[in-house]
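Note sheet for the following structure.
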Amino acid sequence: MAPITLGAASRRFLSCPRFSPFLFAATHERHLSSVTSSTKGTCQQLLPTRTTFSFPSRSLILGIETSCDDTGACVMSLEGEVLGEALSTQLSARYGGVIPTFAMTWHAKKIEGVVALALERAGVGFQHLTAVAVTNRPGLKGPLIVGTDYAKYLCLKHNLPMLPVHHMAAHALTARMEKTDLKFPFLVLLVSGGHCLLALCSSLHEFTLLGETVDDSPGEALDKCARMLGLHHIPGLRDVSGGRAIEITARKSQNPRQLSVPMRQYRDCRFSFAGMKAQIYDIVRLAGLSPGEILTEEELADICAGLQGLLLKHLAERIQRGCEYLDWEDRLPSHLVVSGGVASNLAVREGLAGLAKHFNMEAVFPPPRLCTDNGVMIAWAGLEALKVNEVGVAPENVLGVEVESRCPLGSSIHEKVSEANMKCKWIKL
Ligand code: KG4
Ligand code: ZN
């Protein structure tokens, strides 16, 4: 790549206080120790540090993720091998959810150290990179700005192209990382703390939306339900996400509570999770608990199992209609990918695998560690783009890359599904 001459805007950006390396909370060493020994958050070591490396210069991709409350970075080879990864997770559960301004400050403090750690674990330096992939859409605006601006800084400083990545597309594409024979098109359900959608993925950038949530995302609703139930007061559940806390608590249930499944009156593929919160609110209110008091262990287990059952049934019913609609149009794909944080729920996995089987489809679940937000999925999405000869944004143009807090994933066929007015006979899971 020819060396670039920086324009005035680029020079101003590089000297901008927010991204001067000197203004990041500390020196390189201090960052590393704050990342690895932080008491407020967790930083997972997913791979051992490499002690030797033999990569030709400019053959690796750096992926950066900061769209919500996880600061993630990954160094990946052009063959898709994860060479070094680092993830700093904010303990949002402790504060009852993600606080955007707090999340932004966290990312700003952590990003440089997380990237440095991923490089260190890979045993490489910036000179080995060929591109920087970064989530620039959709997500929380402040957190997206931190990651994208840091990527801009790196691209300008090290003369690298930028690969802007759609967060939800990255969740979907991650499935192709482990399952290398997964071909387009495939049906994908993305269920996380920020989204819920069912789409047909036909290529890297081509998604047909069958349905989305009309209100909350499932993760958001589960997090609120867990909070209302006071699961964060239970030792061992304080620092896990609400969804995970519900899954763990549900395991002890003998008699799951019957909760009503939403949206059955609408013959389409849209989702709704606000009613889930309302049902839990009523249960807690009727119990007449005083502040700080929680239900008995047995009651909590049954309610959590009921919530998990509702979640599975609702997801399964909407997917079933989607499959029947696509089958009717003679374009039912052979694979159902389920990804996003909520897809790490084992009951959901088992139930949806059974549903897929009914349609002669294979269910694909990326491993739980790749279902939640991380830098690996962003590096992978960048690699997918490079593989189809996309060149990304040239370093001299990276300042023009915008963040988009809202950005639909493809075009919607919700109206067509609804007009088809398909009545489904629910499959027993
Ligand atoms: O994809 P993700 O890590 O972050 C974004 O939202 O982008 O998803 C986080 C969500 C949280 O709301 C959390 O409660 C939920 O995923 N979650 C789960 C489980 N683990 C995480 N929900 C149900 N069961 C789980 N085991
Ligand atoms: Zn996500």
Side-chain angles (χ1 to χ4, degrees), residues 41-42 44 63-72 87-98 100 103 107 135-140 143-144 147 165-175 188-197 213 216-229 231-232 237-251 273 276-277 280 304-312 314-315 337-352 365-378 380-381 405 407 409:
T42 56
Q44 298 155 25
I64 296 178
E65 159 62 32
T66 61
S67 67
C68 189
D69 59 348
D70 296 303
T71 319
L87 186 67
S88 175
T89 303
Q90 299 171 35
L91 299 181
S92 305
R94 197 176 284 183
Y95 308 103
V98 183
H107 288 302
T135 309
N136 76 322
R137 65 196 193 282
L140 296 172
L144 280 174
V165 171
H166 191 296
H167 180 83
M168 304 310 290
H171 269 307
L173 296 171
T174 311
V188 58
L189 173 77
L190 297 178
V191 272
S192 72
H195 302 271
C196 181
L197 59 86
T213 179
D216 294 344
S217 70
E220 193 182 354
L222 290 172
D223 290 344
K224 297 248 165 66
C225 289
R227 195 87 191 164
M228 279 190 270
L229 293 169
L231 299 186
H232 56 293
L237 298 184
R238 187 168 173 232
D239 290 333
V240 302
S241 69
R244 177 108 186 96
I246 287 170
E247 180 177 21
I248 294 169
T249 311
R251 284 185 197 143
F273 295 94
M276 189 192 241
K277 288 188 309 194
I280 298 303
C304 288
L307 270 173
Q308 205 170 243
L310 180 164
L311 170 72
L312 171 61
H314 184 41
L315 295 176
V337 169
V338 185
S339 192
V342 178
S344 41
N345 185 292
L346 293 179
V348 167
R349 283 177 172 235
E350 262 177 39
L352 297 186
F365 303 96
R369 68 181 180 85
L370 292 181
C371 277
T372 50
D373 293 352
N374 59 78
V376 178
M377 67 184 205
I378 306 306
W380 175 259
S405 52
C407 181
L409 182 68

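In each ligand, atom 1 is the first atom listed, and ligand 1 is the first ligand listed.
Using a 4.5 Å heavy-atom threshold, the side chains of Met377 and Leu370 count as separate. At least one side-chain heavy atom of Cys371 sits less than 4.5 Å from a side-chain heavy atom of Ser339. Looking at heavy atoms from C-beta onward, Ser344 lies out of side-chain contact with Arg244 at the 4.5 angstrom threshold. With contacts defined as side-chain heavy-atom distances shorter than 4.5 Å, the pair Ile378/Ile64 does not qualify. No side-chain heavy atom of Glu220 sits less than 4.5 Å from a side-chain heavy atom of Cys196.
Sorted by chain and number, the protein atoms of type N, O or S within less than 2.8 Å of the Zn ion (ligand 2) are His167 NE2, His171 NE2, Asp373 OD1.
To the nearest 0.5 Å, atoms CZ (Phe273) and OG1 (Thr213) are separated by 6.0 Å.
With a 4.0 Å heavy-atom cut-off, ligand 1 is reached by the side chain of Leu222 but not by its N, CA, C or O. Of the heavy atoms in Asp223, only side-chain atoms (C-beta onward) come closer than 4.0 Å to ligand 1. No part of His195 comes within 4.0 Å of ligand 1, judged by heavy-atom distances.
Among the atoms of Gly193, some N or O lies under 3.5 angstrom from an N or O of ligand 1. Between Asn345 and ligand 1, an N or O atom pair is found at a separation short of 3.5 Å. Inclusion of Gly194 in the set of residues having an N or O under 3.5 Å from an N or O of ligand 1 is warranted. Geometrically, ligand 1 and Gly341 share a nitrogen or oxygen pair separated by less than 3.5 Å.
Side chain of Thr372 to main chain of Gly341: no donor-acceptor pair is present (N/O by atom type, distance under 3.5 Å, no hydrogens or angles). At least one donor-acceptor pair closer than 3.5 Å links the side chain of Asn374 to the backbone N or O of Val376.
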Review point. What's the verdict on side-chain contact (heavy atoms from CB on, under 4.5 Å) for Glu247 and Leu346, showing C-alpha distance, side-chain angles and the deciding distance?
Key: CA-CA 8 Å; Glu247 180 177 21; Leu346 293 179; 3.4 Å; yes

Exercise for review: Kindly determine whether Leu311 and Val342 satisfy side-chain contact (heavy atoms from CB on, under 4.5 Å), including the steps that lead there.
Suggested key: CA-CA 10 Å; Leu311 170 72; Val342 178; 3.9 Å; yes

Check your understanding: Do Arg349 and Val338 pass the side-chain contact (heavy atoms from CB on, under 4.5 Å) test, and can you show the C-alpha distance, the side-chain angles, and the key distance before you say yes or no?
Key -> CA-CA 8 Å; Arg349 283 177 172 235; Val338 185; over 6 Å; no

Exercise for review: Could you walk me through whether Leu222 and Gln308 pass the side-chain contact (heavy atoms from CB on, under 4.5 Å) test, one step at a time?
Suggested key: CA-CA 9 Å; Leu222 290 172; Gln308 205 170 243; over 6 Å; no

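The protein atom (non-hydrogen) at minimum distance from atom 20 (N) of ligand 1 is Ser344 OG, 3.4 Å. The protein heavy-atom contact nearest to atom 15 (C) of ligand 1 is Val342 CG2, 3.9 Å. Asp373 OD2, 2.9 Å is the protein heavy atom nearest to atom 7 (O) of ligand 1.
His167 and Ser67 are linked by a side-chain donor-acceptor pair at a separation below 3.5 angstrom, with hydrogens and angles left out of the test.
One option in Ala245, Gly243, Ser241 has a heavy atom closer to atom 21 (C) of ligand 1 than any other, and that option is Ser241.
Which parts of ligand 1 touch Thr372 is read off a 4.0 Å heavy-atom cut-off, strictly below it: atoms 3 (O). Of all atoms in ligand 1, numbered sequentially from 1 with element shown, those under 4.0 Å from a heavy atom of His167 are 7 (O). Within the listing of ligand 1, atoms 25 (C), 26 (N) sit less than 4.0 angstrom from a heavy atom of Glu247.
Within the 4.0 Å heavy-atom shell around ligand 1 one finds His171.
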